[in-house]
Amino acid sequence: MRALTEAELRGSFVNAEKTDASVIALPHDFLLTEWDHLDFLAWRDPRSRSRGYIVAEVGGEVTGVVLRASEGSSHARSAFCNICRTMQPGNQVTLFTARKAGSAGEHGDSVGTYICADLSCHENVRLAMPLAPNEYRGSVDMKIDGTARRTHEFVERVLAKAA
């Protein structure tokens, strides 16, 4: 991923109101980000735990998505992240929803998926050993590529026009 300035990052959000973009809390280590090692940038809002953000390059454009975490808690023993495809304890995977971009979002359309609660998918797939015995055991490169692809697909779903 190419290096972004704060202004570029704030301007990338496709499903945020203009006033929302100015109050987005950047990751605490934003200035130290090693952009060459990122397929996408994802973080939880340190001021509002119900919000998260994903920024990815889709179609050559930097595209940011504001996420909302579900309020409910899971009683499941384990849960599956649909982005990095890792099995985690149930309280470490959360349903995140994103308002769609444009007029679809203005009319209340949204998309959602289950994602690691701390949005650490980028790091999870780089672990040498699987997180659980029944986890998909593809090569690390395959896991990295798949995580990046599924992240881009989720962002594209936010961008998609209403049918």
Side-chain angles (χ1 to χ4, degrees), residues 1-58 61-102 105-106 108-127 131-132 143-144 146-159:
M1 186 167 184
R2 70 177 178 86
L4 300 175
T5 65
E6 181 178 341
E8 289 174 316
L9 184 70
R10 290 187 187 284
S12 73
F13 290 94
V14 296
N15 66 340
E17 301 289 330
K18 293 197 186 299
T19 56
D20 288 344
S22 64
V23 298
I24 290 172
L26 299 181
H28 66 280
D29 58 350
F30 177 72
L31 295 176
L32 303 174
T33 302
E34 294 186 36
W35 296 98
D36 292 338
H37 300 299
L38 291 178
D39 302 306
F40 58 93
L41 179 64
W43 73 99
R44 292 293 290 260
D45 191 320
R47 291 183 279 182
S48 172
R49 294 302 294 165
S50 66
R51 288 175 66 125
Y53 310 98
I54 292 179
V55 178
E57 288 186 67
V58 177
E61 295 290 323
V62 176
T63 306
V65 174
V66 176
L67 304 170
R68 287 256 180 235
S70 67
E71 296 293 325
S73 61
S74 173
H75 297 291
R77 289 184 190 216
S78 61
F80 188 73
C81 172
N82 289 325
I83 298 292
C84 64
R85 298 230 167 127
T86 56
M87 189 65 74
Q88 307 245 16
N91 64 346
Q92 292 181 17
V93 174
T94 300
L95 174 63
F96 282 94
T97 58
R99 190 178 81 193
K100 293 191 80 164
E106 292 170 10
D109 290 356
S110 63
V111 296
T113 193
Y114 287 92
I115 306 175
C116 294
D118 59 1
L119 297 174
S120 64
C121 299
H122 185 268
E123 291 86 18
N124 289 346
V125 296
R126 284 167 167 75
L127 297 174
L131 296 176
K143 292 173 85 173
I144 292 169
T147 298
R149 180 178 44 76
R150 286 183 292 277
T151 300
H152 292 143
E153 288 170 355
F154 180 75
V155 172
E156 288 170 345
R157 286 176 49 208
V158 172
L159 292 169

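Here the structure is a predicted model, which is why all the values come from computation and not from measurement.
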Can you sort out the partners of Y53 under ring-ring contact (aromatic ring centres under 6.0 Å, His included), two or more places apart, ordered by chain and number?
F13, W43
Suppose we screen for ring-ring contact (aromatic ring centres under 6.0 Å, His included). Which residues come up paired with H122, at least two apart in sequence or across chains?
F40
Sequence-distant partners of [X], salt bridge (Lys or Arg N to Asp or Glu O under 4.0 Å), two or more places apart:
X: E153; answer: R149
X: R68; answer: none
X: E106; answer: none

Can you spot which of I54, N124, L119, I115 makes a side chain to side chain contact (heavy atoms under 4.5 Å, CB included) with I83?
I115
Kindly indicate whether the side chain of R150, heavy atoms from C-beta on, has any atom under 4.5 Å from the side chain of N82.
no
Sub-4.5 Å side-chain heavy-atom contact between S70 and T94:
yes
Hey, could you give me each pair passing salt bridge (charged side-chain N to carboxylate O under 4.0 Å, His left out) that has a residue in residues 23-41? Not counting sequence neighbours.
D39-R126
Can you tell me how far apart [atom1] ([X]) and [atom2] ([Y]) are? Round to the nearest 0.5 Å.
X: D118; Y: Q88; atom1: CG; atom2: CD; answer: 7.5 Å
X: H152; Y: L159; atom1: NE2; atom2: CG; answer: 11.5 Å
X: L67; Y: D45; atom1: CG; atom2: CG; answer: 11.0 Å

For [Y], does its backbone N or O pair with a side-chain atom of [X] as donor and acceptor, under 3.5 Å?
X: N15; Y: V66; result: yes
X: R2; Y: E57; result: no
X: D109; Y: K100; result: no

Assess whether side chain to side chain contact (heavy atoms under 4.5 Å, CB included) is satisfied between K143 and R85, documenting all intermediate values.
CA-CA 8 Å; K143 292 173 85 173; R85 298 230 167 127; over 6 Å; no
